[in-house]
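Presented below is the structure to which this report refers.
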Amino acid sequence: MDGIIAVGNEAGGHIGAAPFSTLTLIPEVVETVKVPVVAGGGICDGKGFAAALALGAQGVYMASRFIPTKVRWPEGSIRYKKQKRSLKK
């Protein structure tokens, strides 16, 4: 195993069945395992990112935070041209 993604009950896309919040879960997992831990769930800004790192996580993953983000493909790429065509319709 190369690492662990530890997700607390704040994570999007489910009903919050996990018994622990991310910020209480991370230090417990970090102390228990000997592989890098990535924190997930409820992290949506720099403060949450810093908190996860302070608690021992090697990184964070954020997913739901980016749902409202408008994708901007590099100009000249095939995806950019397709996106531009679809916006004209």
Side-chain angles (χ1 to χ4, degrees):
M1 177 178 357
D2 295 327
I4 292 178
I5 298 175
V7 179
N9 61 8
E10 306 92 343
H14 60 77
I15 58 171
F20 304 104
S21 71
T22 301
L23 297 181
T24 58
L25 178 65
I26 296 306
E28 295 295 323
V29 175
V30 169
E31 289 177 16
T32 305
V33 301
K34 296 191 182 343
V35 294
V37 176
V38 174
I43 299 169
C44 62
D45 59 16
K47 292 176 186 174
F49 182 84
L53 296 180
L55 294 170
Q58 297 294 308
V60 302
Y61 90 88
M62 299 187 294
S64 300
R65 177 71 174 133
F66 297 108
I67 289 174
T69 303
K70 186 174 180 176
V71 174
R72 174 81 166 118
W73 299 104
E75 201 166 329
S77 70
I78 292 171
R79 291 212 182 232
Y80 175 80
K81 291 173 186 174
K82 286 181 181 179
Q83 181 183 35
K84 198 170 181 181
R85 279 195 306 259
S86 70
L87 292 174
K88 287 181 181 179
K89 294 179 183 179

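These numbers come from the heavy atoms of this one structure, side chains and all, not from hydrogens, waters or symmetry mates.
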(request) Please report the closest heavy-atom contact between V35 and M1, naming both atoms and the distance. (result) CG1-O, 3.5 Å
(request) For I5, check side-chain contact (heavy atoms from CB on, under 4.5 Å) against everything at least two apart and list the hits. (result) V7, V38, Y61
(message) Would you compute the distance between atom CD of Q58 and atom CD1 of I4 and round it to the nearest 0.5 angstrom?
(response) 12.0 Å
(message) For D2 versus P36, what's the shortest heavy-atom pair and its separation?
(response) O-CD, 3.3 Å
(message) How close do A39 and T22 get, counting heavy atoms only, and between which atoms?
(response) CB-CG2, 4.3 Å
(request) Applying side-chain contact (heavy atoms from CB on, under 4.5 Å), run through L55 and L23 and close with a yes or a no. (result) CA-CA 8 Å; L55 294 170; L23 297 181; 3.7 Å; yes
(request) Write out all pairs satisfying side chain to side chain donor-acceptor pair (under 3.5 Å) with one or both partners inside residues 23-35, taking only residues at least two apart or from two chains. (result) S21-T24
(request) Using side-chain contact (heavy atoms from CB on, under 4.5 Å) as the criterion, list what pairs up with A6, not counting sequence neighbours. (result) L25, I26, V29, V37
